[in-house]
Structures are given as C-alpha cells and as structure tokens.
Protein chains: 4
Amino acid sequence: MLHIGVIGCGYWGPNLIRNFQIPQRSRVTMCADLDAGRLEHMRDLYPLLRATQDAREILEDPQIGAVAIATPVSTHHAIAMEALRAGKHVFVEKPLAQSSEQCMEMAAEASLRRRTLMVGHTFVYTAAVTKIRDLIAQGELGTIYYLNSTRVNLGVFQPDINVIWDLAPHDISIMNHILGCRPERVAAHGKSSVRPGIEDVAFIDLEYPSGVIANIHVSWLDPCKIRRTTVVGSRKMLVYDDVSALEKIRVYDKGVNVPPHYDNFGEFSLSYRFGDILTPRLDDSEPLKVECRHFVDCIESGQHPRSNSEEGLAVVRVLEAACDSLHREGKTVDIAYPVLET
Amino acid sequence: MLHIGVIGCGYWGPNLIRNFQIPQRSRVTMCADLDAGRLEHMRDLYPLLRATQDAREILEDPQIGAVAIATPVSTHHAIAMEALRAGKHVFVEKPLAQSSEQCMEMAAEASLRRRTLMVGHTFVYTAAVTKIRDLIAQGELGTIYYLNSTRVNLGVFQPDINVIWDLAPHDISIMNHILGCRPERVAAHGKSSVRPGIEDVAFIDLEYPSGVIANIHVSWLDPCKIRRTTVVGSRKMLVYDDVSALEKIRVYDKGVNVPPHYDNFGEFSLSYRFGDILTPRLDDSEPLKVECRHFVDCIESGQHPRSNSEEGLAVVRVLEAACDSLHREGKTVDIAYPVLET
Amino acid sequence: MLHIGVIGCGYWGPNLIRNFQIPQRSRVTMCADLDAGRLEHMRDLYPLLRATQDAREILEDPQIGAVAIATPVSTHHAIAMEALRAGKHVFVEKPLAQSSEQCMEMAAEASLRRRTLMVGHTFVYTAAVTKIRDLIAQGELGTIYYLNSTRVNLGVFQPDINVIWDLAPHDISIMNHILGCRPERVAAHGKSSVRPGIEDVAFIDLEYPSGVIANIHVSWLDPCKIRRTTVVGSRKMLVYDDVSALEKIRVYDKGVNVPPHYDNFGEFSLSYRFGDILTPRLDDSEPLKVECRHFVDCIESGQHPRSNSEEGLAVVRVLEAACDSLHREGKTVDIAYPVLET
Amino acid sequence: MLHIGVIGCGYWGPNLIRNFQIPQRSRVTMCADLDAGRLEHMRDLYPLLRATQDAREILEDPQIGAVAIATPVSTHHAIAMEALRAGKHVFVEKPLAQSSEQCMEMAAEASLRRRTLMVGHTFVYTAAVTKIRDLIAQGELGTIYYLNSTRVNLGVFQPDINVIWDLAPHDISIMNHILGCRPERVAAHGKSSVRPGIEDVAFIDLEYPSGVIANIHVSWLDPCKIRRTTVVGSRKMLVYDDVSALEKIRVYDKGVNVPPHYDNFGEFSLSYRFGDILTPRLDDSEPLKVECRHFVDCIESGQHPRSNSEEGLAVVRVLEAACDSLHREGKTVDIAYPVLET
C-alpha cells in the first residue's frame, strides 16, 4: 500500500485525494496547505486524513512514498526538489515548473534518485484524446493539415501566471500527444485587459514538423465556455468538444479530393466529399482516476509515465517561447528542446 | 428609373439582379458573363433580361446608368475603370480590387467623373452588425478589450485568390465598422494544404488603436460552417453568430469588476459578474436588398456610400499587409492608409 | 411536354410553379388566384406565365394536361372534381380534402377517368424519410416500440382549419410511410387558445398495428420552431430533426438488452447499450422537386403515385378521427379505412 | 443540532447525507440499507457515520429527531408510519407513497403527532421553477394557454413502479407549483415496451382550472436526455431546459395579438409579435441543499413545508388517475382531491 501526501488543497487538491484512494494500492494519508480554512474543509471531507500547514511534515514522514503537488506554479520546483531529495516519487500538476531550467533540474534529480516524476497533463489520459491519437495513428484522418483549439470562458485569473501558462498546457500536451511530435516554432499575440502585465487573452500559432500548423486561442474573458479542438486531415476531419457530455468527438467524412497529378498551368480540379458523421462511443472513466492509477502503476513497475518529465519540459519550452514571442510583438520564435539525461 | 447592368453571373450575380429590381427606382436590363451556360440560366430566370458574353455591350449602352461587377477579383479593376470611364456608377463585389494601387486608381477615377463607387461589404448592411455598432457606440459593452472571429467551412476554393482575400474582407469590414477605426498592425499565419501556393487556412492577428486586439480565423477546410464573432468589453460581452437564423446576437451581462484603485504590491481583488443574456430582436430584411437600395440612394443623392472606396481600400490594405506577413513568417507588419483625394 | 396549370398562388403556389418547370417534360403555362395582387406578383416572377382570376380558364384550356391545386382545403374537393371531369391529371396539396367522403369521390372520379390523382405529402419524398423507412425495413432499428413527433412554432393561423388539419398531415403521412401501415385508433386533446373554435395546439395519440404507439404534438403557439421525430426500436433509436440543415438524422446505437427468457418471479435483469451515433449523409435534393417529377413520371407511366389518393384518404381518416376524439374529451376512437375501388 | 437518520443508500441517499450536514443545525449520524455493499460504500465516504442493515435501529435511537427515506416507493408508507409513530420528523423522496390512501394515513399520523412530513419534490426548490412561478404570478406571461413537458432519456427501469410514477411526479409538482392549482382531469397513453406490465413510455394530458391544458411526455427509452418544459402565455412564452447548465430559462417576447373585439362573421385579424429573448441569470445553489435546509427550517419553526403532505397527496392523486386512464384506453378521468384534516 503506497502512502501519498498531497501538498496544496485548493481547487484541484481534493480531486487528487479522492482519486488516489485506490483500494489495495494507494491512499492519501496526509495533506498540506497554508490556508487553515482549506485544511478544516479537508478534515470535514476526510476525517481520517492528517492535515498540516507545514508541507515538510509530509516530506519527513518515512511512511509516505509519494507526493502530489497542486500548489501555485511558482512553488512547483522548490517543493518537488525537496520531495525528490527526501526520496519521494513526485506527481506535479501542470505545468511542470516555471521554466525549462527548473524542469531539467527536477528531471535530473528524479533520474539520479530513480524516482518517478510525472506531470498532470490530465487530458492525455482521457478516452477522447486517446481515441483521436489512435485515429490519426491508423491513418483514418489521412495526412494532417492543421489543428486549432479554443479554450476560453470567464475564468479565474491566476495570481502568478498569465492565461497562456494557465490554459495552453492542456492544448499543447493534447496536440503533442495526438501528433506524436513537438512544435518547432511559435508566435503569440495577446493582451492584458484587466490586470496590467498578466495576459488574459492570447492567440498562439505553432508549427509542427511536416508543415502541420496549429492555432490555440486561450482566454479568461469569454462569455462562453468553449473547449473545442478541430483536427483537419486530408481524408477526414474531426471535432473534439470537451464541453459536450456525451458527444465529445465527431468524425466528419468530409474532405477535398485532390487530383493525383495536375498541370500547374491547366485547370486544378477539386471535388468535395461530404459523408457521414460518426460520434464514437467513448469510455467515460474519470480521466484523473486513470491518471492517478497510471502514476501508481509507474511507481510499481518503474516504467516511464505517459506524461513524464520530458513531456512536461516540452510543454514548458513551448510556453516559454510563446511568451517570448508575445513580448517581442509576435515574432516567430524557434523552439529548441534540451535533451534530458536519463 | 435607373438601368443597371450586371457583369458576372456566377454565384452572386443572380442575387444582385433580383435585388436591383426596385419598383419605380431601378431595374437590371442587361447581364454579361463569359459562360454561355450561365447566360442561358439567367435568361430562364429572367426572360426579359438581355444577356451577353461581351461586357462591353453593357458599358456602351447609353441607357445603362450603373454597373454591378461580380466577376473574379483579378478583373475588378479593369472592368470598373472602363465602366467609370464610360460614365457609369459602379458597384463592385468585395474585395474592391487586387491591390491598394488599383483601389486608389478606381477611387480617383470615380471622384474625377463624379460617379458613385461602392464596394459590396454586405455585412455592414445587416441588422446584426448595425446593432453591434450601436451597442458599442452607446457604451453598452464598456471599453472594448478584444474581438475574435471565425469564418470557416468546407468551402469553395477560389481560383485566383487565397482564403484571406476570399473570406477575411467580411471580418475586417465588420470590425472596422463596429469599432469605427482601422487596424494599425497585422500578423498572419496560414497554410496551403490542398493547392500549392493558395492558402486555404489562415489565422490573422490585428491591432486596432487604443490597444484593441482582434483575431480572425478563416478556412476553406473545416467540417463545420461557423460564422461567429465575439466582442469582449469591460461591461458586457457579445457573440454574433451569423449562422443562427433567429438568434444572431447574444449580449452577455458578464464581466470582471476591477477595483478602481489598487496597490501593485498588494492583493489585486477581482470579482466576476454573471448576469442575464439578451438576444435582441433584429429586423430580418435581406442585407443585399438594403445594400442595393443604398447604392441607388447614393447615386440619387450624391452622398458617399457606407462602404465607399475608402472603406474598400482600407480592407484591401489589411489584406495586402496580412499576406505580406504570411509570406514573412508571421512578422508583424505596420499598415499605412493612403489618403484618397476626393 | 406536359402543360400544367397551378390554381392557388399563395405561399406554396410559386414553389409549385418553379418545380414543375422540368426541362423537356413539363412547364407551368397558367396560374390562377382570386387575389389580383398575387397574380401581379406571379407575372413579375414569370413574365411568360398567363395569370387569371378565373380558375375555369385553366380547366377549359385543352392544352393543359394537369392541374396543381394549392388553395384552401375547403375548396380542394370542388376544384379537383371539376379538373378531373375536365380530363386533367390532378395534384392536390395536403390534406387531400376536407372529409373522407370527399376523398373517396375524388378517387372514384380519377379512377373512372383514368387520371392520376396525387396528394402533396411532401415529406415522403425527402431523403430523410426514405432513409428512415429503409432503416426500419432492413431491421436496423429492431422491433419498433414507439414514435413521437413535435411540429410546432409560432405559426400562421389557417382561416378554415385547425392545427391538426394544418400540421398533422405531415406527421401522419411520415409515420404511415416509414412504418408501412396505418393507425387503428386515435385519441386527441387540444385547445383553442386564440381563436374560438379553431384549435391551435393539440396532442394526438395513435395506435398502430403490433402495438406500436405514437404521439404527435402540433402547435401554432410555440416560441421555437421544432420539427423533430423520434423512432425508438429495440436495437437502435433514431432522431429526425428536419430543422437541422446538415444533420437531419441521427442513429443512436442505444438500447436495452432484454434477457431472452426470464422467470416472472425472479429478477428481471436488463442491461443498457450505449454505442456510436451515426449521422448518415443524405442527398440534398429539394423534396418538392422530387415530388413534382414523381407526379409527371406517374402521368407518363400510369403507375400509382407514392402519395396516391388511398394514402391521402388514409391521412384524412386519421384527421377526422382525431378531431372526433378531440370533441369527445379525448375518447379513444377506432379508425376504419374504406376500401377504394380502383 | 438535529440528528438525522437516512434510510435507503442507493442512488439518492448519499446526496441526502451530504446535504443534511448543515453546520450548527443538522447532521446525519446513521444510515440504513439492506445492501451490505452500499453500507460499506457509505462508511468509506463518511467514516464517522453509523451504518446498519436494520432501519429499526434508526427509529429506536432517541437522539435521532428526523428521518429521511430514500427507499423504493412501495416501502415509503410503512417506513414513514413507523418513523412518525416513533416521534420522528419525516422527509420522504417523491412520490410520497404508492396510493392516496397511504398518503392520507401518513398525513393524519404526522398531524396527530405534530411532526413535519415533507416530500422530496426537489424541483420546487430550484431557482428556475421559482423564477417561472414568479413570472406567471406577476402576469409577465399573460394568460397561460398551455404547458408541455418532456422528461426522457435512456433511463434506469424501476423495479416496482412504471415510468409515470418514476418521472411524472417532477412535472406534476412543477406545474402545480407554477400554476398555483391542480389538474382536474387526466388522460394517459403509454406502453410497456421492454418489461411486461411496466410502462416505460407515456404521454399524459392534463386539464387545469380555467382551461389551461398540459401534456407530459415521460420515457425511459429515448436516445436523448431531455428535460424541457414550455409555458405558453398570451403575452410571452417561456422554455425551461433543465439540462442546460447556464441557460435554464429563456423568456420569448413572442405572441399573437388578438383584436379586442371581433365580428365572428367577418375577418379575424391576428398579428404576430416577435421580440427579444431573455435568459435571466439564476442563482445556482444546489436545489437539494435548499430543500434539506427547508426541511430543517420547518422542523424548527413548525411551519408547513412548501412540499407538504397535501402537495405530495395531490401529485399521487394525479399519478393514480393517470394510471387509471392508461389502463382504460386513455379514457379521460376526473381527479378529486380529498381534504386532509390538519
């Protein structure tokens, strides 16, 4: 039985506690938060849970084998490093850290200590994203032309990060996962409408290998809640609407038939294909549950998590580059990915 | 009774013919198209209409006072110039011409000849866009923070222009009209997925005066037909869904209450406002009918059309700058607007 | 070339005129209406059309081989009888007539004169209804349990008929067609909200053979336009939404798995099946065009129309019985179908 | 601090337990269920809760002042009677009991013992239903013409009751509450598609005083989850969509203008009104929370609950009459309401 400590009991913490209660395999025995009110609330929900304002108590408890960190991003690195040094396996909410340097340090420490380090890219554990990845891998959509993703609503302003760091990790991790590769260049435009210096709306343009392009629109200032990704391929097109309860994915048998050979000077004759729409049935397991079990699996088996530190670093590199572009008037920025020693 | 000749009888031509039949005021007496089949079709629809393959016949007919041009964009300038020189008033489908130089020549010729030159920015004649302009002008939405617009579907590839020139004139003319100003800078990203050299998807970032930003997504390769513009203001937010038959505009009494004074070092306390949603009843006149009448009004009164050559030029300048950016890897490009002599 | 006269140029007449212009096969040469304004409008639309206030002129024209009747229901019988006696083939808008007696007389006259008599049950000529009929016939939905249909909006009050006679012919003709049988019993409830004596909302319960039940909700007083029919079968379920432009049919692979044998005293164990949703691509021909061509086909070939007088009579019998029930406090009424002599 | 025992820990029980934990006012100290597995689950969720298979332990515990019953309907009466006799206040899930006789006995017992007896008509505690009731009471909708309600999905078959008893209590309690009166007559049609003798789909026609009619469609066999009630008034129309998270109510300023005086023999001239649509902001408290607090309030103050035994009885009377009609081929049945002695 793996004992887990949860550090950070805000919005996401209670969900982690609930999902890390895995019969016969793991349970959360301690939680920490600076806010006494939140601890009170956690004790009400889980009377047997030890709750403390000092996260160090968790790190020092020899019975605790793993730590889940759901604190503000600016603290991820420090807490994770301490936890790794204390010999714990570590799960960190997305994004993995505030900078790629921090990510690399964390990855190196985990590697040195032979501990599992996993980042909470929850969407890569959803049935919908898995389905999209499979459809692409099987060639069902044909050659991928482009993707675009909208993740907006009237959302909570984060105190320490802008809307790109808050919301875009979801879109980037989804896109990286379903395409099986990483963007090479990025440009971003945005604005700080409400709070000076903290962008609350942004539009991000990505270039993936093979000329696949992607656009991501994130906003804390939209009247509608939209979580919608479109994948356009040469054979089929797909819409992933995460807000829909029962019809998250729609596969459109639509496309343009391009003649195989054509004369540049002559007529370029295209025909359009309009076919059926399929909404595949998806497994409705809670993604966080799948994710939490995967973390425990990886600790037990020693395998690398699907959302390992390399994936976490890759996302952070894109975030850094996007913000770099944003502050340079949308200049297109190349993204280099450091190689992790493992 | 104004006699009008329509040049170009493709998709849009028949709609112009129908809407320029204004009892007591104007009628279409001739139409021209290079395609004999289309002319046959026009004769079937309007047995009394003279149909010709030679547009010159229209220009040389002294009874014809005005010409409406719905031909491919690459021919707008040549035909319009001939028509103006022949003393006709001229209505040109959007975009006004292929370049700002062409637009300026056309405007100068119209000015010289004292003829009305109007471009078919149809959306500025819709009840929805008029309503949005009014709401913004009255301060109902507060300070405008940003706009974003999506205009996509599995659309017809144009032979001579890319998707920006085909679809974005709508969004740019709408935004210019409702904001009452013009973008100062633009960056664009896109891709030629199907036909080399002709972009079929693009994402355009605009900066308007006072820091208002806007993003436009246009595509001929999307499985869904979407025509949706969001306007986010400090007091209210608005969604304009042109695909909806009866609920084109929704005004959301949503926003973030920012404290009037705040201490940069202290806590920045925001509160959120969630209120009613209002879908105002809109007049359902056909916009093209309003537009055609406006053209006839302007000819009669001598007033400048709402979508005059200056507006047409302004849109073309943005299109040029956007394509310039697109071909320079998304570099942000400043947009200068030449002054028209009138 | 079949010459056709259209009697009644209100809302529906112009559509008939347009769709009966079939190259090489039929054209509308005359139209009649009591309202001089409507005739003026028809002449504007079709300058070569002869327009008259006296329908007799059409019936007496020996060149005219067929007549299409789109007048108020109360006049269907008289006009159709005169037309049949004048030797014309006859197309009548739904419902066929005001009573089953009238329908039988019309059918007898058509049979005697060897003329085609067809009723405008337009929906049985749609790709959607044909698809549903095929899916049911192929057993794709399994055993049909029940249907329900909603046909409501803020609609035009008819001067001479209630909402059942106005709207329910669509639902009844659709249900009869897709099930391939006719209801045996009916009960109806409704109300005259606005105009005394003319019901503007009604709920109709039907029993088809084999215990299939159906409910129809019709209203001229609903804020939303809804045209939606649900077909529930033991294997799959289907929703037909006629308001949707592109997704009229959705087939749900949903159902309840019933154990084949079970012990009444023991546990009755059901399991649920949730599968894919399929939106089949449908041909988007205009149904009225298909219908008009079918009428001309039947005249040429002598075959019975899909919506022949027997189908027209069957629908009128249900309407009569429904109104009978409505005026007897919803009492369930048996429906007998007279046998037509042909 | 009121101690509450919850009897029945199936689907609904855990929600009751959670919502009856009201700081300083009430807490659930015991729960009972026949199923040991459910009790195990409850102990996992609430480690401090005493869980028993014998409900009598709850009734015999002198510390427990109130009992909430969420067992199958067939057991409501027996358990409630025992609880009342044991001096407990009683909350019963809807419907109150299996027959009006049972309801009357329960009401009499509660009255005799001076105990609060409340039925879980949850929807009358929602912000949406309260808003509709207010709009009607204020005359905002004008004279009410009719209502119709659809409550369908692929739902769980209840072992002891049909779909009318399972789902229609919601619609009837909502309609009674918003209209402030009770139906006088009912007719119902339905079918047992899957399980012999247990109707899984039904259509219910109600007549309220002043000629208001209503139709309710309930089904366990529909592919879509629909919870939608339309209220049509002479001034405005309203749609209540309980499935929508954020736009539960839409008020349509639509209607028919009827001339105040008219000549029966002359023309009856109607005009249509199409106006704005308003989606009022609603408080998003959990209705069950409001309901549970109301129960505790009533116990403390002695006031009658909004959903008291008289309302519970009224709903059961309609259910009985509807099933009576269903088994008499849809015959319209008068509904008499016994007077409760209180």
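Sequence lines set the chain letters: A, B, ... in the order given, protein chains first and strands last, and positions in each chain run from 1. Hydrogens, waters and symmetry mates play no part in the numbers below; they use all other heavy atoms, side chains included.
Proximity to chain B (any heavy atom under 4.5 Å) is shown, for A:R328, by neither the backbone nor the side chain. Both the backbone and the side chain of A:F157 come within contact range of chain B, with heavy atoms under 4.5 Å apart.
Of the listed residues (B:V156, B:L238, B:V152), the one with the most heavy-atom contacts under 4.5 Å to chain A is B:V156. Looking only at heavy-atom pairs under 4.5 Å with chain A, the residue among B:T332, B:V239, B:L154 that has the most is B:L154. For the set B:V256, B:T150, B:I213, the count of heavy-atom pairs under 4.5 angstrom toward chain A peaks at B:I213. Contact count against chain B (heavy-atom pairs under 4.5 Å) is highest for A:G211 among A:A187, A:G211, A:G330, A:S234. Residue with the most contacts toward chain B among A:D222, A:V232, A:I277: A:D222 (heavy-atom pairs, distance under 4.5 Å).
No side-chain donor-acceptor contact under 3.5 Å links B:Y145 to the backbone of A:L221. Not a single donor-acceptor pair under 3.5 Å links the side chain of B:Y146 to the backbone N or O of A:G190.
Rounded to the nearest 0.5 angstrom, B:H189 NE2 and A:L206 CG are separated by 9.5 Å. Taking CZ from B:F203 and CG from A:N215, the interatomic distance works out to 4.0 Å, rounded to the nearest 0.5 Å. With rounding to the nearest 0.5 angstrom, the OG atom of A:S219 is 7.0 Å from the CE atom of B:M237.
Residue A:R228 comes nearest to B:I226 through the heavy atom pair NH2-CD1, 3.6 Å, listed as atom of the first residue, atom of the second, then distance.
Residues passing the side-chain contact (heavy atoms from CB on, under 4.5 Å) test with A:S192 are A:E199, sequence neighbours excluded.
By the 6.0 Å contact criterion, NZ on A:K131 is open, its count of non-hydrogen atoms from other residues, nucleotides or ligands being 12 or less.
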Practice prompt. Evaluate the side-chain contact (heavy atoms from CB on, under 4.5 Å) criterion for residues B:K254 and A:C224: first the C-alpha distance (whole Å), next the side-chain angles of each, then the deciding distance (0.1 Å), finally the verdict.
Written response: CA-CA 10 Å; B:K254 280 189 179 182; A:C224 304; over 6 Å; no

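A salt bridge links B:E329 to A:R185: at least one charged side-chain nitrogen sits closer than 4.0 Å to a carboxylate oxygen.
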